[in-house]
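Below, read A as the first sequence line, B as the second, and so on, with proteins coming before strands; counting in each chain starts at 1. No hydrogens, no waters, no symmetry mates; every other heavy atom, side chains included, goes into these values.
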There are 2 protein chains.
Amino acid sequence: MENYGEYFKALREAKNMTLRDVEKAADVSNAYLSQLESGKVKQPSPLTLYKLAEIYGVSYELLMEKVGYPIPNKEKKKEEAEKKSIAYRVGTISNDEELELLNYLKFIRNRKK
Amino acid sequence: MENYGEYFKALREAKNMTLRDVEKAADVSNAYLSQLESGKVKQPSPLTLYKLAEIYGVSYELLMEKVGYPIPNKEKKKEEAEKKSIAYRVGTISNDEELELLNYLKFIRNRKK
DNA sequence: TTATTTTGCTTGATATTGCAAGCAAAAATA
DNA sequence: TATTTTTGCTTGCAATATCAAGCAAAATAA
């Protein structure tokens, strides 16, 4: 995102907080927050983003993405999503159910020969 | 991790790469890499960590953790790991197998009543 | 062995993070 | 209305990230 300063400002105003409110909550100076919101900051540290994410109720990863940091597993997330798809479609599975499924899978895998 | 410099050095040596090899591959100066490995760097940028992770074949998140950055979803990751556990234990599943498993699950879930 | 290249490292230099202190306009209080 | 407080902002300042240039030891080639 090019001008993410406005975005941070919007987040803060959505929470009806002043720069000094956030300063206290996040332990980040109002001076720096002001600079951040007016686009004078390039790459705020992950820790700063983490604290702001908590306060503003958005995900840490989202803020990482906004400021242009690489975010973990952007690729792998999809592979994992595929692998997980069975589990997700199936919902929560009890231990007993899992055991039966594994046995059944073994069965169908041996069935052919 | 306190002294993660040695860790980066070990990663590089494990790949039998010189500082200048990594410099070329990651587009990070050998000067900086040397400082990183001798503990003179506190918080290398996420982008730098990302590039090194790729080259050294470790996860971006691991390196983030090593240098002390907060890492995303430290909680959720475990829930996900649990949900994924079935899929992982089962290995890759073909579409046919999945269909059969889902049907079988429906069967065992209706069996009781 | 001598010359060349490679390698790790140090040393300024520049850019950026994040802060403390302070300032002026706006808001709240007296 | 006059005074106090709040709020957003600017401005140095110290610390850090990162680099280009260069240097000396080690490795390689001649």
> NZ/A:Lys24 to CE/A:Met17 distance, rounded to the nearest 0.5 angstrom?
Replying inline: 9.5 Å
>> In whole Å, I'd like the distance from the OH atom of A:Tyr50 to the C1' atom of C:dT17.
In response: 21 Å
>> Heavy atoms only, 4.0 Å cut-off, all strands: where does A:Ser29 land among base, sugar-phosphate and nothing?
In response: base
>> Whether A:Arg12 contacts D:dG8 is assessed here as follows: a side-chain N or O lying under 4.0 Å from the phosphate OP1 or OP2. Is that the case?
In response: yes
>> Expressed as a whole number of angstroms, how long is the span from A:Glu37:CD to D:dT7:P?
In response: 14 Å
> So, B:Tyr4 side chain and B:Leu63 main chain: donor-acceptor pair closer than 3.5 Å or not?
Replying inline: no
> Looking only at side-chain N and O atoms, does B:Thr48 come under 4.0 Å of OP1 or OP2 in D:dA17?
Replying inline: no
>> To the closest 0.5 Å, what do you measure between OG (B:Ser34) and NZ (B:Lys9)?
In response: 8.0 Å
>> Can you tell me if A:Lys40 touches the phosphate of D:dT10, counting only side-chain N or O atoms and a distance under 4.0 Å to OP1 or OP2?
In response: yes
>> From C-beta outward on B:Lys9, which listed nucleotide comes closest to its side chain: C:dC9, D:dT7, C:dT16?
In response: C:dC9
> Picking from D:dG8, C:dT10, C:dT16, which would you name as closest to the side chain of B:Ser34?
Replying inline: C:dT10
> Under 3.5 Å, is there a donor-acceptor pair between the side chain of A:Tyr60 and the main chain of A:Glu54?
Replying inline: no
>> Need one value for A:Asp27: base, sugar-phosphate or nothing, where a base atom within 4.0 Å counts as base even if backbone is also close, heavy atoms only.
In response: sugar-phosphate
> Are any of B:Ser38's side-chain N or O atoms less than 4.0 Å away from OP1 or OP2 of C:dC9?
Replying inline: no
>> Has A:Tyr69 got a side-chain atom pairing as donor or acceptor with B:Ser45's backbone, closer than 3.5 angstrom?
In response: no
> Starting at the 5' end of DNA chain D, which residue's closest nucleotide do you reach first, B:Ala31 or A:Tyr32?
Replying inline: A:Tyr32
> Rounded to the Å, how far apart are B:Met17 CE and C:dG8 P?
Replying inline: 11 Å
> Rounded to whole angstrom units, what separation is found between the CG atom of B:Leu36 and the C1' atom of D:dC19?
Replying inline: 14 Å
>> Please report the distance, rounded to the nearest Å, between CZ in B:Arg20 and C1' in C:dT6.
In response: 7 Å
> Which part of the nucleic acid does A:Ser45 contact within heavy-atom distance under 4.0 Å: base, sugar-phosphate only, or nothing?
Replying inline: sugar-phosphate
> Expressed in angstrom and rounded to an integer, what is the separation of B:Asn30 atom CG from D:dT18 atom C1'?
Replying inline: 12 Å
> Atom NZ of B:Lys24 and atom P of C:dT6: how far apart are they, to the nearest Å?
Replying inline: 8 Å
>> I need the CG-C1' distance between A:Asp21 and D:dT5, as an integer number of Å.
In response: 14 Å
> Want to settle it: does B:Leu33 or A:Leu19 sit nearer the 5' end of DNA chain D, counting the closest nucleotide to each?
Replying inline: A:Leu19
> Hey, does the side-chain of A:Gln35 have a donor or acceptor N/O within less than 3.5 Å of a partner on the base of C:dC19?
Replying inline: yes
